[in-house]
Each structure stands twice: as structure tokens, then as C-alpha cells.
There are 2 protein chains.
Amino acid sequence: MDPTPIPTSDTPRKATTIKDVARRARCSIASVSRVVNDSGPVSGALRLRIAAAVAELEFRPSEVGRSLVLKRSRTIGVLVPSVTNPVFADCLAGLQETARRGGHAVLIAQSNYEAGREVEAIEPLIAERPAGLVLTVCDPASSEARARAAAAGIPTVLLFNEASDPGVALVTVDNRGAGRDLAAALIGRGHRRIAFVAGRFAASDRARARYEGVRDALVAAGLPVEPPVEADFIDGPDRIDLADILDRLRPTAIVASNDLLAIGVVAALRRHGLAVPDDVSVAGFDGIAIGGLIAPSLATIAWPARAMGTTAAAMLLDLVAGRGREPGRTLTLPHLFRPGGTLADAPNTSR
Amino acid sequence: MDPTPIPTSDTPRKATTIKDVARRARCSIASVSRVVNDSGPVSGALRLRIAAAVAELEFRPSEVGRSLVLKRSRTIGVLVPSVTNPVFADCLAGLQETARRGGHAVLIAQSNYEAGREVEAIEPLIAERPAGLVLTVCDPASSEARARAAAAGIPTVLLFNEASDPGVALVTVDNRGAGRDLAAALIGRGHRRIAFVAGRFAASDRARARYEGVRDALVAAGLPVEPPVEADFIDGPDRIDLADILDRLRPTAIVASNDLLAIGVVAALRRHGLAVPDDVSVAGFDGIAIGGLIAPSLATIAWPARAMGTTAAAMLLDLVAGRGREPGRTLTLPHLFRPGGTLADAPNTSR
DNA sequence: CTGTTAGCGCATTCAA
DNA sequence: TTGAATGCGCTAACAG
């Protein structure tokens, strides 16, 4: 009844190999391989003997051996800025699940939002000879990491990045359009002084594109455009300094470059004695789940983060299998403005 | 000035191998191996030639080849219930960073809080012949996944789980003690009717231990003990049904088995028209960063999630390197009660 | 249908 | 100090 007993000490037991199975089934390793991979013909009787041997010996083919001969492993490498940002965690969850169903394991790496760390992060992944890579880089046009992947001839899908050059597989969203939509929602609510706060602006083409979109809308509405405020905020509860922008622009609304940052901005405003949304409205991007649970709920542009992960994995597996549709397919998933309690009409004092 | 140009089409370029380097440096592959791994003696002149060849050819040793001969890869497999729960994302982030510094890549798998899925999740990891595994399982004593890892002779460190049998490497916290501490804080604030809400109670020995701790404190204080309320809540904004427990116990405080759930409980209470903390206090476990940013801030028991990841990775790398201290070392990291706005004195009406 | 064989890229003997 | 040779576990040609 009990499960397999768990040895107390590490028993460096040798794994059973294809040879063990062949010996047990009194046949050649080739036949074992044929049965295990369902490649090539095997008679019913032999097939049965082999299946029995596999079961009795609990044979699990080594992916290492297979990878060596096939020149690539059934592994997908994933590089994201950080796994602690819920939007990337969601991606990763979906990606991993899809990869697993496709018989692939997932290797992870983090750049910590630093372009300079992308290479050292991706190098160990490439060394594992993955079947493919999914990357979210700081700047796709100049990404050394991408260059390395390409030089190694590893099929790659970019995730969340802005379209840079053609001929690239990309799963993304319309960041700039999202910025326009969000700003339009704010302007429609009567806001005239709108600030943009970004974390590591230089390290995120998404943040830059979202800012461009917000700017588009502001310009179109004849409203003042401020340069983005850079917050030194990385997935953590670090203090965000809004003093300067609050003094200078006295914004009635703040757009943060992502939801995590937006929640930090709400907290910072609170520390400044400002009420959200009564004094200042706040909105972000990503649509992370927690934004809908807190009070006031976070107004945001939501995209299907998990589905982006699954889609990227599916696209990559297609590429790997040679079922690559047009090389360099870009898939832009839809976004949706999600109203929230952090967004209200502009206060009268500002009208 | 530009980085390496990025080929538009997938160039299935063959990676340079140790042979290429040897040919270029006019020596044997053995010497190349010696230089690359700094094993064995090589004359200065030859060493120089080889280094030059390595650089010019951009030789990156294949981990696959190395893994095959060494019978294990420089890879660590990690199984967590879900990467979208911030506490595990934090762990994973720390773990990955430490593993990378130790020259190891990280493979991930998720059980989705289902014991039945642990095996299918871990099987692909084992197939990659990892140097070691870090697991957070539903029930360590009966975990089939653990048994598989042990049967394969793969060094394993359990993370966050309760101590089950000796001889196991474990990085964890005092879940039961944490439960006691949290309940004591509530009782000290005058709360007498305290409910416990868990998500997937059966799938988390942590939740069970925390409940035991809460019960310890309630019993010691002579307060009524209710069975835990199971919420069908998995890392998401799913609805939590509190109607029954609110009716039956009319609690002045609710303890959730983790912070993510606690935030969901706060939202559910709000939907019931109850104010937090004025009508009901709420507290959780984990100390996720976002809990400190929202309003009211979340009262919680905090543990160093990221450090647990780094510690687990370090312990595993020690084990792998044979520097395993006593086999079966348990490391219990400290926890700390973190007061928050969700916790107030029990309302007078209930005294 | 089945078996034999030749590597895949690398670390590691063992000789020289 | 160096190199030739072996084999890790597996797939795929090829031969029978």
C-alpha cells in the first residue's frame, strides 16, 4: 500500500538504460528504441516483451542521450526580465504547461531588467542546446542575447517585445495602442494633467511604447506632455519618489508602465497624503489578477498573459517541428481596458 | 559598433565542437578539454593557442555531451505548486540566481496543487538527468514524486514542506509555530471567534500545519475551534464563498492559509458588505511584497521566501558536490509577525 | 521485421 | 606535458 520506500541516504543508483531493457527482452537496443519511440516496425510478440521489460525495469529513456544524437534537447529556454512580476509568472505558467504537453521541459533565466545581463543569463540556456527559446528582451533591435541565439541557430520567439525587424517570430500586444486607449479613457474622464511613471524605462521597449501611446493621445487632445518619471522600482515594495512630478505637474491622473508599479504608485500617493482616486487617479498595464482584488480595484489595460505564454510555446513548438508558418510571424493579442476604482472623474478643482 | 547581425531566417548553423577547436589549435581534444575545464596540466604555449581558438571560434562546450559522460547535467529541477503564487515566484527567483552562479540551469515544473500531478510534472525533469531536485510537494510522507526522485538516485531538497522522516534535506519554516504566533496576535487583540480559511487544504501540508498552530492557540485560550473552510481558490481571483462560515461562526477575524488567499478573503468580505478591519480582521501567511503595498496593508507572518530559494539551491549544490553536511539536514528559517491594517481590535459588539 | 553499427560531444583513462 | 582511445545512452542508417 505504501509508495516506494524512500531511501534515507542518497543511493547513487544507476539509471536503467536501453541496454538493460534490450537484455531483459532478449533483443537489440534498436528494437527497444523503435518501441519506445514508436518508430519503425516491430512484431507484436517482441513489442510485448519489450513493453514488459520497460515496465518491470521502469525504464525512462535518458533525454541526454537522445539530445546528443538529435543535436537538440526537448527543452525550451525562457528568458524573462523577472519571474516575480505576476505578468511574467502568468506567461511562464502557461508556457510551461503547453511545453510539457508538447513533451518539452522548460529552462528559465532572468535578466533582472538589465540588458547587460541578458547574455550571461541566456548563455547557460544555449549551452543546454534547447529546441528553442522564448525571450522577452530589453531592446530587441540591439539585443546581444538574440544575436547569440540566432548565431547558435536556435529557433526563437520573442514575447511581449515590440516588433523590430521582420522575419521574427513574435507574440505580443499593441503596447502603443494600449497606451492611447488608456490615456483616452483618462481624458474622457476629464483629466488634463496626466503623468507617466515607468520603472527602468530604458530597459523596457514595452514601457517606451506605452508611453508613446499615451503621448499620442495627449498630443491629439492638445494636452501637456511630460517626460516619463523613472521610478527605481523592480517588482518590489521599494519607495517610489513622486515628489517632483507632483509638485511640478500636479497631475490629476498617473499612468504607470505596469500594474505592479501602479500599485506602488497608489501606495506612494497615499504616503503623500493624497487619496486615490479622489485626488489622483491611477492606472496601469497588464491586468494582473491581484489588481482586481484590492480596493480600490486597479484600472488597467489587460491582456491575456497566460495565453501569451501558451501561444508563444505553441508557436515555438511549431517552428521546431518545421511546421513554421510564414517565417517571422507576428501574433498580436488583444487588449482590453478594464475600469477600476482607482480611476474617477478629474476633481473639480482641476477643471 | 552594431552587435552581431541577426539572421532573418533560421540558420541551422552547426555549433562548433571541441573537435573544431582542437583542429584549429593543432592539438587533441583532450588538451582542449583540459584547458576549458582547467583540469590536468597544459603547457603555457598550448594553453594560449587553445584559448585563442576557443575565442575565435566562440566555442561553448555542449552541456549535453558533458552530461552524457558525467551521467548528470549541470541542471537543477524545481517542482512547485504554481509559479504564479508570489511566494513561489520569489523562491524560484532566488533559486535560479543561486543556481546560475553555481553554474547550473534551472528546469521548472508545476503540480497545480494536485498530488496526482506531481509525478507527471517531475518525470520530464528526471528524464533530463538533473544534478538535483528541489521539491515542494503536497504531502512529503506519501509523495510519489519524491519516491521517483529517490529511485533515480537524484539528490533532493524539499522546500517549504513539513519535516516528515529524518534523513531528508529540507529548507522550511515553522508553519505550526507561525500559526500559533498569528493566532496569539489575534487573540491578544481581543478576537474570540476566529475562522481559518484554506485553499486546497488537502494539497498543502503547510496549510495543515498552520491550521494546527492556530488551533493550538485557540485551544490554549479556551476558544472555539472550527474546522477549516476550504475555498476553491488557486492563485486566482476566483470567488470565495464565505457565506456559511460568516453565518455560523460570525467570526471577528479570519486567518487565511496564505497571503494570496487572504487578499481574496478581504475582497469576499467586502462583497458581503463587511468592512476590513472594522467588522472583520484578516491575516495571512507568506509576507508577499504586495501585501505591504495595498490598503489596508495585509497583516501576515512573513518569511524570507527568496532566501529560502537561495538556501535550497545552495544546500542542493552542496549535496551534489559531495559537500553534503550531515545527510538529511533540516534548515528552519525564521518567521516574523508583520502587523498590518487588516488587523484591528475585535469590535466591541463581539466582546 | 530485426540486428549491427556508427557516431552525436565530451571527460577520462592510459600510454607515450 | 600530450594524444589516442574508450564509452556515456541513444537514434538512425544499413544489412540481413
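These values consider heavy atoms only, across backbone and side chains, with no hydrogens, waters or symmetry-generated copies. Numbered from 1 within each chain, the chains take letters A, B, ... in sequence-line order.
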Rounded to the nearest angstrom, tell me the gap between atom [atom1] in [X] and atom [atom2] in [N].
{"X": "A/R72", "N": "D/dT11", "atom1": "CZ", "atom2": "C1'", "value": "13 Å"}
{"X": "B/I18", "N": "D/dG3", "atom1": "CD1", "atom2": "C1'", "value": "13 Å"}
{"X": "B/E128", "N": "D/dG9", "atom1": "CD", "atom2": "P", "value": "15 Å"}
{"X": "B/K71", "N": "D/dC10", "atom1": "NZ", "atom2": "P", "value": "10 Å"}
{"X": "B/L70", "N": "D/dG9", "atom1": "CG", "atom2": "C1'", "value": "14 Å"}

Pair A/D139 + A/R146, salt bridge at N-O below 4.0 Å: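 Salt bridge between A/D139 and A/R146, a charged N being under 4.0 Å from a carboxylate O: no.
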
Note: A/R117-B/E97 ion pair, threshold 4.0 Å (strictly below):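 Here A/R117 pairs with B/E97 in a salt bridge, since their nearest N and O are under 4.0 Å apart.
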
B/R72 CZ: over 12 foreign heavy atoms closer than 6.0 Å: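 No, CZ of B/R72 has 12 or fewer neighbouring heavy atoms, counting only those of other groups under 6.0 Å.
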
Nucleic acid contacts - residues 27-43 of chain B versus DNA chain C, non-hydrogen atoms under 4.0 Å: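 Hits under 4.0 Å, by residue number: B/I29, B/A30, B/S33, B/R34, B/N37.
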
Euclidean distance, A/R100 CZ relative to A/Q96 CD, rounded to 0.5 Å: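 Atom-to-atom, A/Q96:CD and A/R100:CZ are 7.0 Å apart.
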
Salt bridge (Lys or Arg N to Asp or Glu O under 4.0 Å) partners for A/E123, two or more places apart: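 With neighbours one apart ignored, the set is A/R148, B/R60.
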
A/I126 side chain near A/L133 side chain, heavy-atom distance below 4.5 Å: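 They are in contact (side-chain heavy atoms under 4.5 Å apart), so the answer is yes.
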
Which residue lies more 5' along DNA chain D, comparing B/R47 with B/R129 via nearest heavy atoms: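 This one resolves to B/R47.
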
Side-chain donor-acceptor pair present, B/Q110, B/N112, cut-off under 3.5 Å: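 No, B/N112 and B/Q110 have no side-chain donor paired with an acceptor closer than 3.5 Å.
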
Steps toward side chain to side chain contact (heavy atoms under 4.5 Å, CB included) verdict (B/V80, B/C91): CA-CA 9 Å; B/V80 290; B/C91 274; 5.8 Å; no

5' priority, DNA chain C, between B/R66 and A/V69 [closest heavy atom]: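 Its nearest nucleotide being more 5', the pick is A/V69.
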
Span of DNA chain C, from the first to the last nucleotide whose atoms fall under 4.0 Å of chain B heavy atoms: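 Taking any atom under 4.0 Å from a heavy atom of chain B, the span is C/dC8 to C/dT13.
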
